Amino acid sequence: MSEDKKSLNFLEQIIEEDLANGLDKKNLRFRFPPEPNGYLHIGHTKAIGISFGLGEKYNAPVNLRFDDTNPAKEEQEYVDAIKKDVSWLGYSWDKELYSSDYFQQLYDWAILFIKEGKAYVDSQSSEAMAEQKGTPTQPGIDGPYRNRSVEENLELFNQMKNGLFNEGDHILRAKIDMKHPNMLMRDPIMYRILKKHHHRTGNTWCIYPMYDWTHGESDYIEQISHSLCSLEFKPHRELYNWFKNQVYQYSKETYPILPKQREFARLNLSYTIMSKRKLLKLVEDRIVNGWDDPRMPTISGLRRRGYTPTAIRKFVETVGVAKRDNVIDVSLLEFCIREDLNKTAPRVMAVLDPVKLIISNYTEGKEEWLEAENNPEDESAGFRKIPFSRELYIERDDFKEEANSKYFRLSLGNEVRLKNAYIIKAHSVIKDDNNTITEIHCTYDADSLSGTGSEASLRKVKGTLHWVSTKHAIKADVREYDRLFMDEAPDSHQEIDFMEFINPDSLKLINAFVEPSLAEAKVGDRFQFQRIGYFNVDYDSKPSHIIFNKTVGLRDSWTKKKPEEQPQNIASTPIQNQVQRKAIDVIQQLGKKFTNLPEAKQLKAKKDIQELAKQVSYEELEPLFGTATKKVGTRIATMITLDVLLKGGLKKNAQIEDFIEKALVDNEPLLVAHAKAISLV
RNA sequence: UGGCUUAUGGUGUAACUGGCAACACGUCUGGUUUUGGUCCAGAAGAGUCUAGGUUCGAGCCCUAGUAAGCCAACCA
């Protein structure tokens with residue numbers, strides 16, 4: 001009951017307002033209207049979350065309506081996939097509907113339009129019509145068929161419907177205004193001839209209605225109260241309302257509610273793309289292995305990758321809803337899935353990059369089955385047994401011959417704990433001809449077994465390693481994924497095609513050793529491989545050949561601390577670019593705080609600015625001359641930078657003089673002092 | 001040369017009718033820990049795009065700029 005403290009997003013505010021203005025809560029109704037021409041992606045999840053979320057919040061029905069007005073692109077396969085995805089996310093729709101259900105009603109209304117002179121048949125080529133339509137900056141002109149008689153229009157439209165013409169011969173247009181500033185209002189097309197088989201209506205129609213004519217009227221027929229869509233449909237709203245107001249005249253008794261379209265910003269995720277067309281290209285070009293490839297931002301891809309509906313819904317809820325363009329950092333998505341899996345995923349041990357560890361003082365042939373906790377976050381998860389023996393695998397990364405005190409893992413002469421087992425100490429290594437370590441020899445402390453409570457078992461050691469017994473471990477394939485694109489916003493560049501940014505190393509195949517309990521893992525099961533990350537069993541998996549997908553790594557505050565050891569992989573490059581800020585930006589920031597700084601720090605800041613100023617061009621600096629009067633610090637920083645530039649040979653111009661003059665008469669002595677110094681240059 | 005929309009820490013979203021700019025992610029400290037995870041405690045980071053105006057008081061209202069996005073498919 002206390003959650004109503006939470007502030008409402010702008011859509012909820014609109015609804016609350018409508019409710020306050022007399023809209024009956026019973027009449028609240030929403031819809032999610034996908035076109036069945038592709039798979040749903042994480043961006044759609046936002047739209048789904050908004051409409052279905054509102055349905056849940058107000059206890060109102062939400063229809064799932066397939067916007068299937070283009071038989072050329074739409075297929076049953078997509079309908080099935082969409083239904084599966086929406087259900088998987090945990091939403092249930094009120095009615096499953098199709099725009100094609102309304103073809104007859106739409107046709108009947110269109111006839112009325114013609115009779116009232118609100119629509120006409122145009123018989124020009126699409127090129128001719130495009131020309132008459134004008135451009136966003138230039139009005140259109142009327143075409144030659146605009147004033148055909150009602151009888152002729154009726155006759156032609158009837159013949160169109162009856163298949164007497166070829167595709168492209170004629171279209172039906174609404175008669176609105178060819179000079180309208182909104183291009184969508186310049187006599188928009190309502191029907192085109194398409195002699196194609198439709199996945200629902202078969203061959204009964206050879207004219208198909210266009211989006212604008214269909215979508216809004218479908219909302220109206222279903223008596224949707226709030227029709228929510230993404231921002232690019234904002235210009236359509238005017239046409240949406242125009243059509244709506246016409247049909248309302250014909251059908252207000254049957255359909256009293258006028259739907260209201262409102263628009264929100266769609267979701268963008270960094271390092272990926274969200275266009276169905278482009279995703280389709282990745283599939284068709286075999287960049288990925290299908291729509292549900294775990295690297296895809298599709299819902300089916302995320303599902304296969306191991307994401308949970310809970311995590312995805314939490315993500316959508318967290319990103320919020322507003323009207324400005326946004327790019328959400330993938331780290332937020334990763335946080336959401338970690339948060340969920342941390343609570344629910346059983347812990348197991350798996351070694352992805354193995355090196356042999358031999359415990360020389362452990363009896364040969366001996367084996368012990370040790371107790372291991374399944375999930376420290378969930379007491380009810382219980383315990384399991386894992387086998388221990390003289391020969392184990394550990395991660396190659398977990399050993400270094402020599403290491404400094406910051407290294408918590410195994411090194412020669414140092415102790416470390418084997419998770420759920422004993423404390424060991426490394427003594428020597430064996431290497432092959434390439435100087436690669438093939439075996440690590442160590443001894444164990446027999447009294448240090450985990451959980452025994454003995455003094456030795458309670459000893460504190462710096463690190464704990466995961467391991468598997470070589471004799472008992474089973475082999476498994478692990479598919480490790482990296483981002484598909486190396487650019488933060490791959491499809492936002494005008495000159496560079498998004499395909500140029502594809503990361504060639506987005507899939508890594510790993511032969512791993514996993515603990516034997518995993519032999520019983522079933523498709524879809526999720527685990528935490530301790531100290532590594534979260535993994536789930538892929539559907540390619542067979543009992544004899546288990547395959548895991550890496551969902552996401554554990555948060556890692558260690559690897560990023562050792563830059564000298566970080567491989568110079570491609571994927572990290574854009575991040576570095578992003579972090580490297582422009583000198584002028586840093587100067588601005590230093591300036592903001594400048595006047596608040598104690599004198600010593602001011603001097604340092606000034607030095608920093610002077611240093612940075614060497615990288616600044618006059619073009620970058622000039623806009624800062626317009627800095628608000630009250631932002632004295634920024635003006636001082638600008639002055640210091642300008643000083644450096646002038647000393648570097650820059651000539652004074654009117655803007656510079658003006659900037660200095662204003663500074664000379666300021667109230668802030670520090671600024672005046674800097675301005676005085678510079679005026680002598 | 002047009003129309004529409006948007007502008008708040010690195011990212012995203014808040015800030016009720018004008019009143020100390022908040023929350024989450026990310027970053028950085030420290031503590032706990034048989035996962036360098038989790039958890040706990042804390043820190044840094046915003047002069048709210050710019051310039052004016054109204055007001056005791058503006059992120060919010062007004063005016064003018066600037067920047068970004070969308071709009072010219074017989075796609076949705």
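Within every chain, numbering begins at 1; the chains are lettered A, B, ... in the order of the sequence lines, protein sequences first and strands thereafter. Quantities reported herein were computed from a predicted structural model and do not represent experimental measurements.
- Partners of A:Lys73 by salt bridge (charged side-chain N to carboxylate O under 4.0 Å, His left out), not counting sequence neighbours: none found.
- By the ring-ring contact (aromatic ring centres under 6.0 Å, His included) test, A:Tyr307 is found to be paired with no residue, residues two or more places apart in sequence or in another chain being considered.
- Among the atoms of the strands shown, none is found under 4.0 Å from any heavy atom of A:Gly463.
- Nucleic acid contact for A:Gln124: base, since at least one base atom lies under 4.0 Å from a heavy atom of the residue.
- Take the nearest nucleotide of RNA chain B for A:Lys133 and for A:Phe408: the residue whose nucleotide is more 5' is A:Phe408.
- Between A:His198 and A:Tyr208, the angle of the ring planes stays under 30°, which puts this pair in the parallel group of the 30/60° scheme.
- Checking the phosphate oxygens (OP1, OP2) of B:U33, no side-chain nitrogen or oxygen of A:Arg417 falls inside 4.0 Å.
- Distances shorter than 4.0 Å separate some side-chain N or O of A:Arg531 from OP1 or OP2 on B:G36.
- Taking the salt bridge (charged side-chain N to carboxylate O under 4.0 Å, His left out) definition, one finds that A:Glu515 meets it with A:Arg384, sequence neighbours left out.
- When the side-chain nitrogen and oxygen atoms of A:Arg555 are compared with OP1 and OP2 of B:U38, one or more of them lie within a distance under 4.0 Å.
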Mark up nucleotides 13-22 of chain B, 5' to 3', with B wherever a protein heavy atom is under 4.0 angstrom from a base atom, S wherever such an atom reaches only the sugar-phosphate, and - elsewhere. BSS-------

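- If you check distances only, the side chain of A:Glu377 does reach the base of B:G37 with a donor-acceptor pair under 3.5 Å.
- The number of heavy-atom neighbours closer than 6.0 Å to NZ of A:Lys195, taken from other residues, nucleotides and ligands shown, is above 12.
- Applying the ring-ring contact (aromatic ring centres under 6.0 Å, His included) test to A:His170 and every residue at least two apart in sequence or in another chain returns A:Phe165.
- Residues meeting the salt bridge (charged side-chain N to carboxylate O under 4.0 Å, His left out) test with A:Glu167, sequence neighbours left out: A:Lys196.
- Here A:Glu339 pairs with A:Lys314 under the salt bridge (charged side-chain N to carboxylate O under 4.0 Å, His left out) rule; sequence neighbours left out.
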As a check on the pairing definition, encode RNA chain B in dot-bracket form, counting Watson-Crick and G-U wobble pairs whose two distances are under 3.5 Å, and using | for partners outside this strand. .((((((..((((.....[..)))).(((((.......))))).....(((((..]....))))))))))).....

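- A:His236 comes within 4.0 angstrom of a base, heavy atoms only.
- With B:U5, B:U11, B:G37 as the choices, the nucleotide that has an atom nearest any side-chain atom of A:Lys234 turns out to be B:U5.
- In terms of the ring-ring contact (aromatic ring centres under 6.0 Å, His included) criterion, residue partners of A:Tyr98 (sequence neighbours excluded) are, by chain and number, A:Phe66.
- When heavy atoms are screened at a 4.0 angstrom cut-off, A:Ser126 is found touching base atoms of the nucleic acid.
- OP1 or OP2 of B:A76 has at least one side-chain nitrogen or oxygen of A:Arg192 nearer than 4.0 Å.
- Nucleic acid contact class of A:Gln528 (heavy atoms, under 4.0 Å, all strands): base.
- Heavy-atom distances under 4.0 Å link RNA chain B to A:Ile171, A:Met183 of residues 171-184 of chain A, given in residue order.
- Note on A:Leu554: a base of the nucleic acid sits closer than 4.0 angstrom, heavy atoms only.
- Between A:Phe157 and A:Tyr107, the two ring planes are parallel [angle under 30°; tilted spans 30° to 60°].
- RNA chain B is contacted by A:Asp67, A:Thr69, A:Asn70, A:Lys73 of residues 66-74 of chain A, taking any non-hydrogen atom closer than 4.0 Å.
- The aromatic rings of A:Tyr240 and A:His215 are tilted relative to each other, their planes meeting at an angle between 30° and 60°.
- In terms of the ring-ring contact (aromatic ring centres under 6.0 Å, His included) criterion, A:His199 has no residue partners (sequence neighbours excluded).
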